Amino acid sequence: MAAEIPGSLTGCALELYQDPAPGLDQLAHAIEAFWRLAMAPHWPRMRNLLEGDLLYRARQYAERGPAGAFADMHPAIRWEDRTLYLDERPEELSRTLNGEGLLLAPSVFVWPRLLYRTDSPGQAVITYPVRAVATLWERGTAPSPDALAAVIGRSRALLLAELDTPASTTDLSRRTGLSPASVSEQLTLLLSAGLVTKHRVGRAMLYVRTPRAQALLDD
C-alpha cells in the first residue's frame, strides 16, 4: 500500500518525497556547493571563535566546576544546587540525567536566544551563542604586506594581504597590478606552503588565505 503524501508538500519537497534517491543526491551537492560558497571562506574565523569558547568553558569548569562553566553562558541558563535551570523550559518538562550526559554546543547562529533538546529518550543538547559572538566580523588594522615582504617576498605578501575574502587570479591581478601569470605563479607557491587554499565555484577558481597565513599577518 502506497504511503499517503502529506498535503503540505509542494514543489521540490514533493519531488524529493516521491522519488528520494536522485533528490537526495542533488540535495547533497547543493549543500556542498552552499558550504564552499557561503561558509568555507568564513569558517576559519568562526572556528577560532568556537575553539576559544570551548577552551574558556573547559578552563572555567576546571577552576570552578559546573557553576563556572555555566556562569556567563546565557541569561536563560542558571546552575543552582547541582541543578541546571533553563528559564524558557517549563518545570514540568524537567529531566534527570542518569549518565546520558549533556552536550554543550556553542554556535555563531543562535544569538541572542539558545536552542535545546532535553526530551527523553535521546541525547540532551544545549546550543548557545558562542562567547564574544559580537566580535565575529570585527576587523583590526588592515595588515600590511611590508612586514612579510623581507621573508616571503613582496608579491606573495601583497597577495596574502588581499585574500581576506576569496578572490580569483583575475581579481588579484586587477587589485595588485601584478600580471595574471605572476599572480598564478605566486599562488601556486603559496598553495604549496599551506598559506592559501582554493575552491572551485562554477567556472571560477577562488583563493583564500589559511589560518596559518592569517597568523603571519597578525604577527
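Keep in mind the model is a prediction, meaning the values are calculated, not measured. For this chain, numbers begin at 1 and follow the sequence in order.
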(message) Are M46 and L54 connected into the same hydrophobic cluster when the rule is that any two of I, L, V, M, F, W, Y join if their side-chain heavy atoms are below 4.5 Å apart?
(response) no
(request) Could you tell me which residues satisfy side chain to side chain donor-acceptor pair (under 3.5 Å) with D87, sequence neighbours excluded, listed by chain and number? (result) R78
(request) Step by step, work out the side chain to side chain contact (heavy atoms under 4.5 Å, CB included) result for I126 and L84. (result) CA-CA 11 Å; I126 296 177; L84 184 65; 3.7 Å; yes
(request) Please answer: with hydrophobic residues joined when any side-chain heavy atoms are less than 4.5 Å apart, are M205 and L187 in the same cluster? (result) yes
(message) Among residues at least two apart in sequence or on other chains, which ones pass side chain to side chain donor-acceptor pair (under 3.5 Å) with Y116?
(response) none
(message) Give me each pair satisfying salt bridge (charged side-chain N to carboxylate O under 4.0 Å, His left out) with a member in residues 122-136, each pair once, sequence neighbours excluded.
(response) none
(request) Output, in order, the C-alpha distance, side-chain angles, deciding distance and verdict of side chain to side chain contact (heavy atoms under 4.5 Å, CB included) for L178 and S173. (result) CA-CA 5 Å; L178 300 172; S173 176; 5.5 Å; no
(request) Provide the closest heavy-atom pair for T169 versus V183 in the form atom of the first, atom of the second, distance. (result) CG2-CG1, 3.7 Å
(message) Taking CZ in R212 as the centre, count heavy atoms belonging to other residues, nucleotides or ligands within less than 6.0 Å. Is the count above 12?
(response) no
(message) Using the salt bridge (Lys or Arg N to Asp or Glu O under 4.0 Å) criterion, which residues pair with R57? Sequence neighbours excluded.
(response) D53, D72
(request) Return the set of residues passing salt bridge (Lys or Arg N to Asp or Glu O under 4.0 Å) with E185 (not counting sequence neighbours), or none when no residue passes. (result) none
(request) Would you list the pairs meeting side chain to side chain donor-acceptor pair (under 3.5 Å) in which at least one residue belongs to residues 99-112, sequence neighbours left out? (result) none
(message) So, taking the atom named CG in L163 and the one named CG in L195, what distance separates them when rounded to the nearest 0.5 Å?
(response) 10.5 Å
(request) Quick one: closest heavy-atom pair of R47 and P211, and the distance? (result) NH2-CG, 3.0 Å
(message) My understanding is that only residues two or more places apart in sequence, or in another chain, count here; which of them pass side chain to side chain donor-acceptor pair (under 3.5 Å) with T197?
(response) H199
(request) For the pair S184 (side chain) and P180 (backbone), establish whether a donor and an acceptor sit closer than 3.5 Å, ignoring hydrogens and angles. (result) no
(request) Specify the closest pair of heavy atoms between V196 and Y207, including all atoms of both residues, with the distance to one decimal. (result) CG2-CD2, 4.3 Å
(message) Let me check something: do I77 and V130 share a hydrophobic cluster, defined by ILVMFWY side-chain heavy atoms less than 4.5 Å apart, either directly or through other members?
(response) no
(request) List, by chain and then residue number, the residues other than L189 in its hydrophobic cluster (Ile/Leu/Val/Met/Phe/Trp/Tyr, side-chain heavy atoms under 4.5 Å); write none if there are no others. (result) none
(request) Rounded to the nearest 0.5 Å, what's the gap from CG on L190 to OG on S155? Could you check? (result) 10.0 Å
(message) Is there a path of hydrophobic side-chain contacts, each under 4.5 Å between heavy atoms, that joins M39 and V133?
(response) yes
(message) Tell me whether the count of non-hydrogen atoms from other residues, nucleotides or ligands lying under 6.0 Å of CZ in R113 goes above 12.
(response) no
(message) Please give the remaining members of the hydrophobic cluster of Y85, linking ILVMFWY side chains under 4.5 Å, ordered by chain and number.
(response) none
(request) Rounded to the nearest 0.5 Å, what's the gap from CZ on R174 to OG on S168? Could you check? (result) 7.0 Å
(message) Could you report the tightest heavy-atom contact between L49 and A132, atom names first, then the distance?
(response) CD2-O, 3.7 Å
(message) On a heavy-atom basis, which atom in Q60 and which in A69 lie closest, and how many Å separate them?
(response) CB-N, 4.0 Å
(message) As a quick check of understanding, evaluate side chain to side chain contact (heavy atoms under 4.5 Å, CB included) for L104 and M73, giving each step before the final call.
(response) CA-CA 10 Å; L104 300 174; M73 184 172 286; 4.0 Å; yes
(message) If I compare all heavy atoms of A167 with all of R175, which pair ends up nearest, and what's the gap?
(response) CB-NH2, 3.6 Å
(message) Once ring pair (Phe, Tyr, Trp, His ring centres under 6.0 Å) is applied, what residue pairs with a partner in residues 54-78 remain, sequence neighbours excluded?
(response) F70-W79
(message) The criterion is side chain to side chain donor-acceptor pair (under 3.5 Å); which residues satisfy it with T118, sequence neighbours excluded?
(response) R89
(request) First locate atom CD1 of I31, then atom CD of Q26, and finally report the distance between them rounded to the nearest 0.5 Å. (result) 12.0 Å
(message) Rounded at 0.5 Å granularity, tell me how far CH2 in W43 sits from CG in L50.
(response) 5.0 Å
(request) Nearest 0.5 Å please: distance from the CZ atom of R117 over to the CZ atom of R95. (result) 7.0 Å
(message) Who clusters with V110? Use side-chain heavy atoms, under 4.5 angstrom, across I, L, V, M, F, W and Y, and order the result by chain and number.
(response) L115
(message) Tell me whether V108 shares a hydrophobic cluster with L103, the cluster being built from Ile, Leu, Val, Met, Phe, Trp, Tyr side chains joined at under 4.5 Å.
(response) no
